[in-house]
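Just below is one structure, and these are the notes that go with it.
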Amino acid sequence: MTHSPLDHIGYLTSSIADSAREFELLGYQASPIFNDDTQRTRICMLTRTGDVAIELVEPYENNKTMARMLKSHGVAPYHLCYRVVNIEQAYDELIEQGWTALFAPVPATAFNGRKICYFWKREMGFMELVEE
Amino acid sequence: MERKEIYKQLEEIFCDVLDLDEVSLTDATCADDIEEWDSLSHIQLVVSIEKAFGIKFTSQEIMKWKNVGEMVDSLQAKNV
């Protein structure tokens, strides 16, 4: 984990279309929008040469938990995602460091079926891992 | 604090965090019983419970609870 590169910054938004339009003015290119039925979110990756990607995350209408986050925090970054070679090994390492897992590694639509998992720590907030 | 009092306070927190009009918690209540209680809202509940009772849970505690009863056991073990 100590050398795992930052893959993207997760950015919660009420409208991918509106947020992507603003990021495009800053030179980012937007990917097609993916529906992630497991996480009940729509996803759009924003990339710009030489920069860390930004993942726009728009909750489905029935995703009340993320709707509450939007209501309390507004449109804002809310997680960092690191790329790891072996996600099960990194999972065990973070548990050992006192992170709380939201769920064990699962395949994710937005990452072509590559596994992801989410963690939370009081001092750090939310962290995602994605397997290379 | 009596177990009954802890439950009363937890029900207020659950209603507030999960945006419920009312909820009745028992020892056996688990995430499958409340649609709004998912892995992300679980963390929101933990943060609110810690703040309300002035305590901190360990990650092992947070991940091992299978139902509300075990959550209340953890609270009582911290002498709330």
Side-chain angles (χ1 to χ4, degrees), chain A residues 1 10-13 36-41 43 55 57-74 76-81 90-106 108 115-129, chain B residues 6 9-25 29-80:
Chain A
M1 274 299 303
Y11 215 100
L12 187 58
T13 178
D36 187 336
D37 294 335
T38 307
Q39 307 296 328
R40 290 180 296 152
T41 54
I43 305 285
E55 178 192 47
V57 180
E58 177 188 320
Y60 284 3
E61 289 68 21
N62 67 352
N63 188 336
K64 292 182 181 176
T65 304
M66 296 195 85
R68 281 193 301 277
M69 279 179 71
L70 259 175
K71 193 176 170 186
S72 59
H73 301 305
Y78 75 105
H79 76 259
L80 297 178
C81 177
Y91 178 94
D92 290 342
E93 200 177 318
L94 289 180
I95 295 295
E96 188 69 26
Q97 291 176 16
W99 287 81
T100 299
L102 274 66
F103 51 82
V106 291
K115 289 183 188 172
I116 64 160
C117 55
Y118 266 90
F119 296 85
W120 171 81
K121 200 171 197 180
R122 191 175 293 103
E123 300 83 357
M124 296 274 287
F126 292 101
M127 184 199 290
E128 181 183 14
L129 299 183
Chain B
I6 294 175
Q9 207 160 331
L10 282 181
E11 285 172 349
E12 287 174 14
I13 293 167
F14 271 64
C15 284
D16 181 48
V17 172
L18 303 181
D19 203 17
L20 304 171
D21 290 333
E22 59 178 353
V23 67
S24 182
L25 301 176
T29 305
C30 63
D32 289 342
D33 299 322
I34 302 175
E35 188 189 345
E36 290 80 1
W37 189 358
D38 57 26
S39 59
L40 187 55
S41 60
H42 185 66
I43 299 299
Q44 294 170 336
L45 284 169
V46 165
V47 171
S48 293
I49 292 166
E50 287 186 337
K51 190 175 174 187
F53 290 94
I55 50 97
K56 286 182 181 175
F57 295 115
T58 64
S59 60
Q60 289 90 344
E61 286 173 311
I62 297 167
M63 290 190 292
K64 83 173 183 190
W65 299 325
K66 293 184 181 69
N67 51 44
V68 173
E70 293 185 8
M71 185 187 282
V72 174
D73 291 342
S74 288
L75 281 165
Q76 288 196 308
K78 294 179 187 301
N79 298 315
V80 298

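Just so we're on the same page: letters track the sequence lines, and every chain starts at 1.
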Exercise. Is atom CE of M124(A) surrounded by more than 12 heavy atoms (other residues, nucleotides or ligands) closer than 6.0 Å?
Worked result: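 For M124(A), atom CE is not crowded (no more than 12 foreign heavy atoms under 6.0 Å).
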Chain B and chain A: which donor-acceptor pairs fall below 3.5 Å?
| from | atom 1 | to | atom 2 | distance (Å) |
| --- | --- | --- | --- | --- |
| V17(B) | O | R68(A) | NE | 2.6 |
| E36(B) | OE2 | K64(A) | NZ | 3.3 |
| D38(B) | OD1 | T65(A) | OG1 | 3.2 |
| D38(B) | OD2 | R40(A) | NH2 | 3.2 |
| D38(B) | OD2 | T65(A) | OG1 | 2.8 |
| E50(B) | OE1 | R122(A) | NE | 3.1 |
| E50(B) | OE1 | R122(A) | NH2 | 3.3 |
| E50(B) | OE2 | R122(A) | NH2 | 2.4 |
| F57(B) | O | R122(A) | NH2 | 2.9 |
| S59(B) | OG | G98(A) | O | 3.4 |

For this session: Could you look at I43(B) and say if it's the side chain, the backbone, both or neither that has a heavy atom under 4.5 Å from chain A?
Result: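 For I43(B), side-chain heavy atoms alone lie under 4.5 Å from chain A.
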